[in-house]
Amino acid sequence: MSAQILRGGTVVNVDGQRRADVVVDGDRIVDVVASGVDVAGATDIDVSGCVVMPGLVDIQVHFREPGGTEAEDISSGAAGAARGGMTAVVMMPNTTPAIDRVEVVRDVRAAAAGAPVDVHTSSCLSVDRQGERLVDFAALYAEGVRVFTDDGDVLADAGLMRQALEATLALPGMVVSQHCEDPSLVAGGAINEGAVSAALGVGGRPREAEEVIVARDVALARLTGGRYHVLHLSTSLALAHVRRAKRDGARVTCEVTPQHLVLTDADVERLGTNGKMNPPLRTHVDVAALRQGLVAGDVDAVATDHAPHPPAAKARDLATAPPGMLGVETAVSVVWTHLVSRGLMSPSRAVEVLSASPARIAGLEGHGQPVAPGSPANICVLDPTETWRVEPATMASKSLNSPFAGDTLTGRVRLTMRRGVIQHQLG
Ligand SMILES: [Zn+2]
């Protein structure tokens, strides 16, 4: 492969930004040079006016394979991720069968072999996500799995959670990720418990259902010294526990979703079942706290919880429709529109929370590296001023359930390169 040069853009890394051209040779970035410098023999790629940043990393996606491929499969999910500027994703294990043993991990890896992004998978914490018996951590770790979670459900048993956290001490890079909702508090609930759930006459899921699990788990992380990550944190209440745990030196991280940074339960009336997800959309108080935490560093990462469902399933009523929404194709644009382009978050911080930090949390070597000589050529090129309208029917997903349908977003991914090969490019 001959050298390629991304010309005319602004390179944004965690530590700052500057106008520069990026030279890629083979699967590596070999040089970052002053704009306009001649590089003999290189193929020019015009990225004028665009941001050139590390490929994005999404550590919480549901690609529904195996078992749910009428909603999504690894191929369609990964195609959407590439269009969203991502070069690596981590699948959640709540598939059918559940990803809880080496054989299923190998099946997933085989299905992901030709995907345009690196598709990694997590494993369940407990066998078949039943919360009764822990999986064989050592065997799955040896197979390359680093993230363990019963996502979709919480691992409710505190004793098992303690054992899982203790297991991380012997397996470097292993992390226990938790879907933090107490099952006895959210049973029968469809959306956030409050004035909106009361007005709509549907069962609520209280904010405290998240708080009690996070409070318990960070205490166990402190007790064990184990490594713990909060999936899709949604409340100011839980964030306060994470903040304190970090201050106390516990090995705790957390992520938020784009939707929890911009939507509230008041939007559910307008969105219908596309606004139903677990944890649910919360309140303005929570949105403000999550935004502030993301900018300040208390929140470590943005992850989408990309959760496709077929239209027929989402056509049911709020109480019975399945929770979740599409995310991979809109994530960076939602963050850009609502935070970066409004000056609430710097482009460098966006790179941290959308690429560098999630790659570190999930142990994805080769991703989240700076756009700099020697790094793998995993790159996202985004036009920060281009506006576009979200039209789910034109997306790569097999499903349509985006709450951002019809919205106009600012900031659009123009090109995604993985290890020197363009995986997505707008004409
Ligand atoms: Zn979850």
Side-chain angles (χ1 to χ4, degrees), residues 59-62 90-102 104-105 120-141 145-171 173-187 189 205-235 237-238 241-242 245 250-255 257 277-280 300 303 305 307 323-324 361-363:
I59 57 174
Q60 203 202 152
V61 301
H62 299 271
V90 178
M91 281 174 50
M92 294 291 102
N94 57 336
T95 50
T96 311
I99 303 168
D100 64 355
R101 54 194 186 276
V102 166
V104 189
V105 170
H120 297 261
T121 185
S122 58
S123 159
C124 303
L125 280 166
S126 70
V127 175
D128 201 25
R129 298 170 61 250
Q130 295 299 304
E132 290 163 4
R133 205 155 44 87
L134 295 174
V135 299
D136 185 342
F137 292 128
L140 288 154
Y141 182 91
V145 176
R146 293 293 176 272
V147 179
F148 291 82
T149 177
D150 275 358
D151 183 46
D153 293 303
V154 71
L155 179 62
D157 186 290
L160 286 180
M161 182 50 93
R162 176 181 184 171
Q163 287 178 42
L165 288 164
E166 283 167 346
T168 69
L169 301 177
L171 301 171
M174 174 182 168
V175 63
V176 172
S177 290
Q178 180 80 294
H179 176 120
C180 297
E181 288 191 293
D182 184 292
S184 64
L185 291 173
V186 298
R205 304 170 81 90
R207 300 163 70 238
E208 287 75 5
E210 179 173 89
E211 184 186 15
V212 295
I213 295 296
V214 172
R216 181 201 78 177
D217 285 354
V218 300
L220 295 173
R222 196 179 59 230
L223 172 68
T224 58
R227 210 168 148 238
Y228 176 73
H229 178 70
V230 181
L231 297 167
H232 44 50
L233 183 135
S234 67
T235 64
L237 305 174
H241 291 278
V242 169
R251 297 164 71 203
V252 169
T253 53
C254 70
E255 69 188 33
T257 72
M277 61 203 71
N278 292 340
D300 299 275
D305 193 16
I361 289 168

Keeping the roles fixed (side chain from [X], backbone from [Y]), state whether a donor-acceptor pair exists under 3.5 Å.
{"X": "R251", "Y": "G225", "result": "yes"}
{"X": "R129", "Y": "A98", "result": "no"}
{"X": "D128", "Y": "Q130", "result": "no"}
{"X": "Q178", "Y": "D217", "result": "no"}
{"X": "D305", "Y": "H232", "result": "no"}

Can you check whether [X] reaches [Y] side chain to side chain, under 4.5 Å on heavy atoms?
{"X": "V90", "Y": "V61", "value": "no"}
{"X": "L165", "Y": "R227", "value": "no"}
{"X": "H179", "Y": "D153", "value": "no"}
{"X": "D136", "Y": "R101", "value": "no"}
{"X": "L134", "Y": "V127", "value": "no"}
{"X": "H120", "Y": "R146", "value": "no"}
{"X": "V135", "Y": "F148", "value": "yes"}
{"X": "L237", "Y": "E208", "value": "yes"}

Identify the two heavy atoms, one from [X] and one from [Y], that lie closest to each other, and give their separation to 0.1 Å.
{"X": "G131", "Y": "D150", "value": "N-OD2, 4.3 Å"}
{"X": "L233", "Y": "C254", "value": "CD1-CB, 4.2 Å"}
{"X": "V252", "Y": "A221", "value": "CG2-CB, 3.9 Å"}
{"X": "V154", "Y": "P183", "value": "CG1-CD, 3.5 Å"}

How about T253 and H229: does a side-chain donor come under 3.5 Å of a side-chain acceptor?
-> yes
So, T235 and E210: side-chain donor and acceptor under 3.5 Å apart, yes or no?
-> yes
Report the C-alpha separation of M91 and Q60 in whole Å, then their side-chain angles, then the decisive distance to 0.1 Å, and conclude whether the side chain to side chain contact (heavy atoms under 4.5 Å, CB included) test is met.
-> CA-CA 6 Å; M91 281 174 50; Q60 203 202 152; over 6 Å; no
Chi angles and distances behind the side chain to side chain contact (heavy atoms under 4.5 Å, CB included) call for T168, V175 | CA-CA 6 Å; T168 69; V175 63; 5.9 Å; no
If you measure from [atom1] on [X] to [atom2] on [Y], what distance do you get to the nearest 0.5 Å?
{"X": "L125", "Y": "R133", "atom1": "CG", "atom2": "CZ", "value": "14.0 Å"}
{"X": "M161", "Y": "S126", "atom1": "CE", "atom2": "OG", "value": "10.0 Å"}
{"X": "L160", "Y": "L220", "atom1": "CG", "atom2": "CG", "value": "11.0 Å"}
{"X": "E132", "Y": "D157", "atom1": "CD", "atom2": "CG", "value": "9.5 Å"}
{"X": "C124", "Y": "N94", "atom1": "SG", "atom2": "CG", "value": "7.5 Å"}
{"X": "D151", "Y": "C180", "atom1": "CG", "atom2": "SG", "value": "10.0 Å"}

More than 12 foreign heavy atoms under 6.0 Å from CZ of R162: is that the case here?
-> no
Apply side-chain hydrogen bond (donor to acceptor under 3.5 Å, both in side chains) to R205 and list each qualifying residue two or more places apart in sequence or on a separate chain.
-> E181, N278
Given E255, which of L231, I361, D300 fulfils the side chain to side chain contact (heavy atoms under 4.5 Å, CB included) condition?
-> L231
Give me the one residue out of L140, I99, V147 that meets side chain to side chain contact (heavy atoms under 4.5 Å, CB included) with S122.
-> V147
